[in-house]
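Just below is one structure, and these are the notes that go with it.
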Amino acid sequence: MLSPISRNKYDRMMDSAETYEEWREAALRHDEFTGMESWKHKSASELYDNVAIETRLRELRNHRKKGDDHALLFTLNEGVHGNMGGMGNAKLYSKAMSGTKQLISDYVDEIADALVYLSGVDDDVIRFEEKLDFFHRASYCFGQSALMLSGGAQLGNFHMGVVKALIEMDLVPRVISGSSMGAVFAALLGVHTNEELVQYFEPENMMVAVRKEAGFIDRFFEKRGAIDVEYVEEAIDRFIPDVTFQEAFLRTGRHINISVAPYEMHQTTRLLNAITSPNVLIRSAVMASTAIPAVFPPVVLSARNKDGEAQPYLPSRKWVDGSVSDDLPAKRLARLYGVNHYIVSLTNPFALPFASDPSVQNSLLADTTKFAKSWIRELASFGHSVSYKYLKGWPKIGAAASHFHSLVSQNYTGDINIVADFAVIKPRHLLSYLTYDELLGLIRHGERATWPKIEAIRVCTKIARVLADILESTEERELSLAKRAIAANHVA
């Protein structure tokens with residue numbers, strides 16, 4: 001029988017870890033003690049089709065060993081996707097403290113290695129055009145991962161720890177969305193490189209950045225009181241450069257998306273990015289997305305005109321907090337970027353009480369949560385329909401009912417969920433200035449909540465990351481070849 005005292009020892013080691021490396025070492029010891037390390041090395045499980053994966057893994061290894069590049073390409077052409085044999089099942093990544101079935105890790109590594117190998121095969125063996133066509137199709141079929149950062153007022157500083165942990169492991173997806181407070185960190189990811197952000201997200205360095213303006217530090221960290229709109233605007237101007245979505249994309253290569261909700265009736269939510277709104281200034285988008293209804297005034301977006309000057313964008317329209325109607329815009333990201341895998345950092349106070357992890361769907365708590373969510377959604381839907389029919393003379397009440405309906409009817413979970421603990425901040429402080437210790441605590445909480453998800457993120461996103469890197473290099477080569485051909489024609 002396992003000793004609860006020994007098990008608690010490893011739990012305490014994980015709780016007291018100061019770095020991911022320390023946490024993972026404790027987690028692996030925990031897995032050894034509980035038998036989960038043995039579980040990882042036993043391929044068979046009802047949770048996925050291990051036979052199908054073993055068969056494909058054997059084929060890929062045999063082709064590599066024989067040097068049969070065409071057979072390798074043919075086998076990969078049969079299908080490269082993230083849920084082969086059900087290996088994307090969330091429960092497979094919740095059994096052990098760190099990692100999953102070794103067979104899955106080996107299979108993903110073999111696919112990634114094979115893709116890199118084929119990208120370097122001589123063009124005399126496999127034509128460059130054939131390889132490029134394959135990589136495009138493989139990337140399209142496999143899809144992309146996205147990081148979605150929810151709203152959450154000051155609890156949203158939890159995202160800082162999540163992003164910090166992902167940056168340190170080089171696991172930040174290229175597609176990122178943010179709403180409300182999440183929009184702030186999505187914007188930071190869009191305008192700063194990883195090298196800048198590693199230093200930027202250290203609390204001590206944030207203190208230095210904030211101190212650049214006299215008096216701002218007192219309001220940011222010392223005074224307790226309600227945040228005002230001037231503070232929000234000042235903070236956004238301080239931390240986010242005056243650039244457009246297109247300019248940010250050219251700098252970092254990240255597709256950042258910011259949700260804004262309409263202030264007026266009969267308008268729809270917008271997802272702002274370098275595709276739909278390339279000339280919109282990110283500062284104005286973040287300002288709009290953080291404009292909590294009834295707390296901060298609605299915002300008119302700004303954009304650069306053809307002369308590079310700032311001017312109103314859709315001047316007759318005003319926008320508010322994006323989390324009200326599209327906190328986690330999964331469907332839009334799927335349509336725009338082919339995203340089919342979602343990493344969610346959830347801090348929305350309205351969603352946290354009802355957030356459930358898909359990996360534990362059969363638990364009593366999950367079933368109770370599901371029932372509560374259904375009941376509240378039905379209540380909100382009824383209130384929305386009543387207000388729409390009978391309260392047209394009281395537009396503010398109707399708008400409030402509509403916002404509440406939008407909040408509770410959304411889906412707040414993804415494939416991998418990093419969920420904040422509401423207990424780390426008092427509800428009355430959600431719209432108040434934070435102390436330094438409170439900010440530091442939220443960052444650490446975000447990091448620690450991310451560490452148990454790191455290996456799942458690494459395994460589930462590895463093939464997509466490899467394909468993206470290969471496509472970037474092959475497309476550069478394609479462009480170079482095209483330029484040479486044009487130059488040769490001019491000479492001729």
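- The backbone N or O of Trp39 sits less than 3.5 Å from a side-chain atom of Lys101, completing a donor-acceptor pair.
- A heavy-atom distance below 4.5 Å is found between the side chains of Ile416 and His341.
- Using a distance-only test at 3.5 Å, with no hydrogens or angles considered, a donor-acceptor pair links the side chain of Ser150 to the main chain of Thr347.
- Between the side chain of Asp321 and the main chain of Ser323, a donor-acceptor pair closer than 3.5 Å is present.
- The existence of a salt bridge linking Arg448 and Asp15 is excluded, since no basic side-chain nitrogen approaches an acidic carboxylate oxygen closer than 4.0 Å.
- Ring pair Phe33/Tyr10 is tilted by interplanar angle, where 30° to 60° counts as tilted.
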What do the steps show when you test Asn257 against Tyr337 for side chain to side chain contact (heavy atoms under 4.5 Å, CB included), and what is the final call?
CA-CA 11 Å; Asn257 299 261; Tyr337 308 105; 2.9 Å; yes

Is there a side chain to side chain contact (heavy atoms under 4.5 Å, CB included) between Arg304 and Asp242 once you walk through the steps?
CA-CA 10 Å; Arg304 291 203 200 285; Asp242 188 24; 4.0 Å; yes

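- Side-chain contact check for Phe185 versus Val162: every heavy-atom pair is 4.5 Å or farther apart.
- Of the inter-residue distances, the one linking Glu438 atom CD with Ile443 atom CD1 reads 12.0 Å to the nearest 0.5 angstrom.
- Between the CE atom of Met87 and the CD1 atom of Ile104 there is a distance of 7.0 Å, given to the nearest 0.5 Å.
- Side-chain contact between Glu25 and Glu22 is absent, with no heavy atoms from C-beta onward closer than 4.5 Å.
- A salt bridge is defined here as a Lys NZ or Arg NE, NH1 or NH2 lying under 4.0 Å from an Asp or Glu carboxylate O, and Glu168 with Lys164 meets this definition.
- With hydrogens and angles ignored, the 3.5 Å screen pairs no side-chain donor or acceptor of Arg317 with any backbone N or O of Pro262.
- The pair Asp469-Arg174 meets the salt-bridge criterion, since a charged nitrogen lies less than 4.0 angstrom from a carboxylate oxygen.
- The pair Arg444-Glu447 meets the salt-bridge criterion, with a side-chain N (NZ, NE, NH1 or NH2) lying under 4.0 Å from an Asp/Glu carboxylate O.
- Two residues are said to be in side-chain contact when any heavy atoms from C-beta on lie closer than 4.5 Å; Pro173 and Ile343 meet this criterion.
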For Thr252 and Thr193: C-alpha separation, side-chain torsions, deciding distance, then whether side chain to side chain donor-acceptor pair (under 3.5 Å) applies.
CA-CA 6 Å; Thr252 65; Thr193 64; over 6 Å; no

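- For Asn340 against Phe142, the heavy-atom pair with the smallest separation is ND2-O, 2.9 Å.
- Between the side chains of Ser289 and Ser179, no donor-acceptor pair of N or O atoms lies under 3.5 Å.
- When atom types are taken as modelled, the side chain of His445 and the backbone of Asp421 share a donor-acceptor pair closer than 3.5 angstrom.
- Proximity of a side-chain donor or acceptor of Asn157 to a complementary backbone N or O of Leu442 within less than 3.5 Å is not detected.
- Nearest heavy-atom pair, Thr276 versus Leu271, reported as atom, atom and distance to 0.1 Å: OG1-O, 2.9 Å.
- Closest approach of Ala285 to Val280, counting heavy atoms only: CB-CG1, 4.5 Å.
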Walk me through whether Thr244 and Asn279 qualify under side chain to side chain donor-acceptor pair (under 3.5 Å).
CA-CA 5 Å; Thr244 66; Asn279 300 317; 5.4 Å; no

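- Between the OG1 atom of Thr290 and the CD1 atom of Ile236 there is a distance of 4.0 Å, given to the nearest 0.5 Å.
- Under the 3.5 Å distance criterion, the side-chain polar atoms of Asn348 are left unmatched by any main-chain donor or acceptor of Gly151.
- No donor-acceptor pair closer than 3.5 Å links the side chain of Ser139 to the backbone N or O of His136.
- No more than 12 heavy atoms of other residues, nucleotides or ligands shown are found within 6.0 angstrom of CG on Asp170.
- The only member of Ile256, Asn273, Leu333, Leu147 that meets side chain to side chain contact (heavy atoms under 4.5 Å, CB included) when paired with Val175 is Leu333.
- A distance-only check finds no donor-acceptor pair linking the side chain of Ser277 to the backbone of Leu272 [under 3.5 Å].
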Evaluate Leu301 against Leu314 for side chain to side chain contact (heavy atoms under 4.5 Å, CB included), listing each step before the verdict.
CA-CA 7 Å; Leu301 297 170; Leu314 300 174; 5.6 Å; no

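- Remark: Glu37 engages Lys40 in a salt bridge, criterion side-chain N to carboxylate O under 4.0 Å.
- Electrostatic pairing of Glu234 and Arg238 does not count as a salt bridge here, judged by no charged N lying under 4.0 Å from a carboxylate O.
- Remark: Arg465 CZ is packed, more than 12 non-hydrogen atoms of other residues, nucleotides or ligands lying under 6.0 Å away.
- Separating the CG atom in Leu346 from the CZ atom in Phe158 is a distance of 8.5 Å, to the nearest 0.5 Å.
- The minimum heavy-atom distance between Ser98 and Arg24, with the atom names listed, is OG-NE, 3.5 Å.
- For the pair Val243 and Val191, the tightest heavy-atom approach, listed with the atom from each and the gap, is CG2-CG1, 3.7 Å.
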Met13 and Trp23: CA distance, side-chain angles, deciding distance, side chain to side chain contact (heavy atoms under 4.5 Å, CB included) verdict:
CA-CA 7 Å; Met13 288 174 64; Trp23 180 90; over 6 Å; no

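- Residues His192 and Arg254 share a closest heavy-atom pair of O-NH1, 3.1 Å.
- Glu455 is not listed as a side-chain neighbour of Thr100, based on a closest heavy-atom distance of 4.5 Å or more.
- The CD1 atom of Ile282 sits 13.0 Å away from the OG atom of Ser302 when rounded to the nearest 0.5 Å.
- Checking side-chain atoms of Asp31 against main-chain N and O of Met97 turns up a donor-acceptor pair under 3.5 Å.
- Rounded to the nearest 0.5 angstrom, Glu233 CD and Met287 CE are separated by 4.5 Å.
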